[in-house]
Asks: 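Let me give you the structure first, and then I'll get to my questions.
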Amino acid sequence: MIKSKIFSDIKDSLDKLNLKFNENFAVEVPHNIEHGDFSTNVALLNAKKNKMKPRNMAEKLAEILNKKRNYKSVNIAGPGFINLRLANSIYHKALADIIKVKKKYGSSKYGKKKKVLLEFISANPTGPLNIVSARAGAYGDSLYRIMKFVGYKAFREFYINDAGNQVDILAESLELRYRELHGERFEDFPPEAYHGEYIKDLANNLNIIDGSKLFHISEKDRLERMKNYALEEIHKMQVASLKKFDVNFENWMSERKLRQEGILEEALSYLAEANCTYEKDDAIWFSSTDFGDEKDRVLIKTDGNPTYLVPDIAYHLTKYQRGFDIILDVLGPDHHAHVSKLRAAIQALGYDIKKLEVIYLQHINIIKHGKIVKMSKRAGKIVTMDNIVQEVGKDAARYFFLNRKPSAHLDFDLELAKKKSSENPVYYCQYAHARICSVLKKAKKAKLTLKDFDKKNLKKLNKDEEIFIIKKMLEFPSLLIACAEHREPHRLAGYIHDLAGVFHRYYAKYKIIDVTHKELSLSRLYLISAIKSVVAIALNLMGISAPEKM
RNA sequence: GCGCCAAUAGCUCAGCAGGAUAGAGCAACGGAUUUCUAAUCCGUAGGUCAGGGGUUCGAAUCCCUUUUGGCGUGCCA
């Protein structure tokens, strides 16, 4: 709001001076507070165009801007920056605007209702969700919340790989545990089978339901029963874990369903129609080299079964058919080779490749006793999402995962995360919220309520810290847009921490409630209630609770 | 070999499409409380932004290159 006003003031002034300029100049809040409230590099970027020195151009511009009423001062600094200081009244008005829109502060129409599909986690339904899924969950869900808040029509989707090899192995693993319950012994449990304890639990429960009657049906039917039972139960388990982590999905897409509905054949036939498939060595190939892949890929194996590429192409076909403008896949870093094949297929099908955007979340190392823990899903040695939520709590876990950018590797030190929760920065942020609630409560007891507050008194907010806090809050809307645009929710984590810090310092330095100065107290209460609101909105966008008391 | 990702304080990480003196947290050291909640605040110390080159008025940020680490490069998913 304020920024765009400054933009237009600068443009007006340039026009008045008949100076040429490119609109890509910046108006930003300088790191160093002594450089003013805002600064612009417009003269640095455009001096050449006007055959002037940057400082000369800046001086001419400053002269015009100084005549405008909104500016306390306009100075030239360094190589030709223009530093602007605004009148306090501008900030007071902005503060009132924040209070006015309440919970909607920071929301916008930036996304223009574009339809966005966010696919994330999409773990195999063969066991409990692990820490990798936890990171993906925290990331995907928060990005969803932010994108929705800034005006995108966003949807979350979980793709269930409930068909293919892995699932067959799952059924066989369950079969083995089931047979153990009926007296059989396996000296060497097959290494490729799933070893987790949950398989034993599943066998126990299945045995309670079906008893020994599964021995009286054909092996094929028995394995089918095993598969269906395991898939259903593990899905329930995963949904329960996600619920505890506050992650929901608008849609669950099942690979089996895609297969049953003939989408795989549909995708294959489109590829054939586009002349992108051929037969060789008893297999069907996709000529992906035509689309920049390094070699052609097999679609249908010699044994007649499709490779994993086919259902994935079919799945993405549905994403396009459903009319999304932006298709975001959140994947592990080991998928990038796969994605190049997928991109080739999408081009072959004639769809706009630019709509598909892949975000790679880098690996997580679990550190235990200073050593990296190797995880293996099949061997049952994993740190689960439930473990993390139980041990460090949902709020801390989500903050922890969101505090780093997606492209960065992440070391998760279990001992440290478990040790003392107060060491976690999330409490610093939440405490700011709780503290404000506590002050507001106290104010109420002292009969100070904002109902009979006259905004004219906002001029009493004249301390540097108070203006600084308002400035900080004014950054919030554009910060959210940046988070959405760059798909980087971690910036929000940093922002809340900053805002909380600004508040804590203010709190330590100034008394908010002072019954002998009623107007000043009310003004300050007004200010901190705005902080409270922004902190709450931001925490909520990260899926973290904003406690009233700690 | 080729491809993708990374390298910033002792540790874990930020650094907002190039801006002015590179910032937090933790760890270390020294202080602040008869409080509006100390889960807080103030201070000290800590850096060749992996090395080198280029573009620019200006580079941690963009380009090239070298080094180091992770991952990938299946008729597994």
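Values below: all heavy atoms of this structure, side chains included; hydrogens, waters and symmetry mates excluded. We name chains A, B, ... by the order of the sequence lines, and we start the count at 1 in each one.
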Asks: For A:K53, which contact category applies under a 4.0 Å heavy-atom criterion: base, sugar-phosphate, or nothing?
Replies: nothing
Asks: Measure the distance from CG on A:L402 to C1' on B:A24 and round it to the nearest whole Å.
Replies: 17 Å
Asks: Look at the side chain of A:A283 and decide which nucleotide, out of B:U21, B:C75, B:G25, has an atom nearest to it.
Replies: B:C75
Asks: Check this for me: does any side-chain nitrogen of one of A:E475 and A:K471 sit under 4.0 Å from a carboxylate oxygen of the other?
Replies: no
Asks: Any ion pair linking A:R524 and A:E466 (charged N to carboxylate O, less than 4.0 Å)?
Replies: yes
Asks: Ignoring the backbone of A:Q362, work out which of B:C5, B:U40, B:G19 is nearest its side chain.
Replies: B:C5
Asks: For the side chain of A:A482, counting heavy atoms from C-beta on, which of B:G25, B:C41, B:C16 is nearest?
Replies: B:C16
Asks: Would you compute the distance between atom CD1 of A:I513 and atom NZ of A:K445 and round it to the nearest 0.5 angstrom?
Replies: 10.5 Å
Asks: Just compare B:G15, B:A20, B:U56 and give me whichever is closest to any side-chain atom of A:A77.
Replies: B:A20
Asks: Just checking A:E475: base, sugar-phosphate only, or nothing, at a heavy-atom cut-off of under 4.0 Å?
Replies: nothing
Asks: Side chain of A:Y427, base of B:A39: donor and acceptor closer than 3.5 Å?
Replies: no
Asks: With sugar-phosphate meaning primed atoms plus P, OP1 and OP2, does A:L45 contact a base, only sugar-phosphate, or nothing at under 4.0 Å between heavy atoms?
Replies: base
Asks: Tell me the interatomic distance from A:I496, atom CD1, to B:A24, atom P, rounded to whole angstroms.
Replies: 18 Å
Asks: Can a salt bridge be assigned to the pair A:D329 and A:K319 using a cut-off of 4.0 Å between side-chain N and carboxylate O?
Replies: yes
Asks: Now, which nucleotide makes the Watson-Crick or G-U wobble pair with B:C11, with each of the two distances under 3.5 Å?
Replies: B:G25
Asks: Could you please name the option among B:C42, B:A14, B:G19 that lies closest to any side-chain atom of A:R404?
Replies: B:A14
Asks: Of the listed nucleotides (B:A20, B:A39, B:C36), which one gets closest to any side-chain atom of A:N83?
Replies: B:A20
Asks: Measure CD1/A:I76 against P/B:G19 and give the value in whole Å, please.
Replies: 20 Å
Asks: Should A:L19 and A:N46 be marked as a side-chain contact (heavy atoms from CB on, under 4.5 Å) after you check the CA-CA gap, both sets of side-chain angles, and the distance that decides it?
Replies: CA-CA 9 Å; A:L19 290 171; A:N46 294 293; over 6 Å; no
Asks: Of the candidate nucleotides B:A77, B:G19, B:C36, which contains the atom at the shortest distance from the side chain of A:Q166?
Replies: B:A77
Asks: Of the nucleotides B:C41, B:C57, B:G15, which has the atom closest to the A:H490 side chain?
Replies: B:G15
Asks: Answer yes or no: is there a side-chain heavy-atom contact under 4.5 Å between A:S523 and A:K460?
Replies: yes
Asks: When all nucleic acid strands are considered with a 4.0 Å heavy-atom cut-off, which category describes A:S438: base, sugar-phosphate, or nothing?
Replies: base
Asks: Would you say the side chain of A:T307 and the base of B:A77 hold a donor-acceptor pair, judged only by whether the two atoms sit under 3.5 Å apart?
Replies: no
Asks: Does B:C41 have a Watson-Crick or wobble partner in any strand here, with both distances under 3.5 angstrom, and which is it?
Replies: B:G31
Asks: In whole angstrom, give the distance that lies between atom CG of A:L309 and atom P of B:G72.
Replies: 18 Å
Asks: With a 4.0 Å cut-off on heavy atoms, is A:H338 in touch with a base, just the backbone sugar-phosphate, or nothing at all?
Replies: nothing
Asks: Would the base of B:C75 count as contacting A:T302 through its side chain, where contact means a donor and an acceptor less than 3.5 Å apart?
Replies: yes
Asks: Could you tell me whether A:K509 contacts a base, only the sugar-phosphate backbone, or nothing, with contacts defined as non-hydrogen atoms closer than 4.0 Å?
Replies: nothing
Asks: Remember a base hit wins even if backbone is also touched, and classify A:S39 as base, sugar-phosphate or nothing at under 4.0 Å, heavy atoms.
Replies: base
Asks: So which one's nearest nucleotide on RNA chain B is more toward 5', A:H335 or A:Y360?
Replies: A:Y360
Asks: With a 3.5 angstrom cut-off on both distances, give the Watson-Crick or G-U wobble partner of B:C62, or none if there isn't one.
Replies: B:G54
Asks: From the set B:C76, B:C57, B:C36, return the single nucleotide nearest to any side-chain atom of A:K511.
Replies: B:C36
Asks: Using the six-membered ring for Trp and the full ring for Phe, Tyr or His, decide whether A:F81 stacks on the six-membered base ring of B:A20 (centres under 5.5 Å, planes under 30°).
Replies: yes
Asks: What is the nucleic acid contact for A:N305, judged by heavy atoms within less than 4.0 Å: base, sugar-phosphate only, or nothing?
Replies: nothing
Asks: Indicate, with a heavy-atom threshold strictly under 4.0 Å, whether A:N41 touches base, sugar-phosphate, or nothing.
Replies: base
Asks: What's the CG-P distance between A:N124 and B:C76, to the nearest Å?
Replies: 16 Å
Asks: Rounded to whole Å, how long is the line connecting atom CG of A:N46 with atom C1' of B:G18?
Replies: 15 Å
Asks: Considering every strand and a 4.0 Å limit on heavy-atom distances, what is the contact class for A:Y507: base, sugar-phosphate, or nothing?
Replies: base
Asks: Counting only Watson-Crick or G-U wobble pairs whose two distances fall under 3.5 Å, which nucleotide matches B:C2?
Replies: B:G72
Asks: Applying a 4.0 Å non-hydrogen cut-off, can you work out what A:A408 is touching in the nucleic acid: base, sugar-phosphate, or nothing?
Replies: sugar-phosphate
Asks: Using whole Å, report how far OH of A:Y399 lies from P of B:A14.
Replies: 12 Å
Asks: Let's see if you can work this out: which of B:C16, B:A77, B:U21 has an atom nearest to the side-chain heavy atoms of A:E34?
Replies: B:U21
Asks: Across the strands shown, which category fits A:P79 at heavy-atom distances under 4.0 angstrom: base, sugar-phosphate, nothing?
Replies: base
Asks: Taking any heavy-atom pair under 4.0 Å as a contact, classify A:K295: base, sugar-phosphate, or nothing.
Replies: sugar-phosphate
Asks: Is the ring centre of A:Y428 less than 6.0 Å from the ring centre of A:H497?
Replies: yes
Asks: Please report, rounded to the nearest Å, how far the C1' atom of B:C36 is from the CZ atom of A:R505.
Replies: 18 Å
Asks: Is there a donor and acceptor pair, one atom on the side chain of A:H336 and one on the base of B:G3, closer than 3.5 Å?
Replies: yes
Asks: Hey, is A:R505 close enough to A:E465 for a salt bridge, meaning N to O under 4.0 Å?
Replies: no
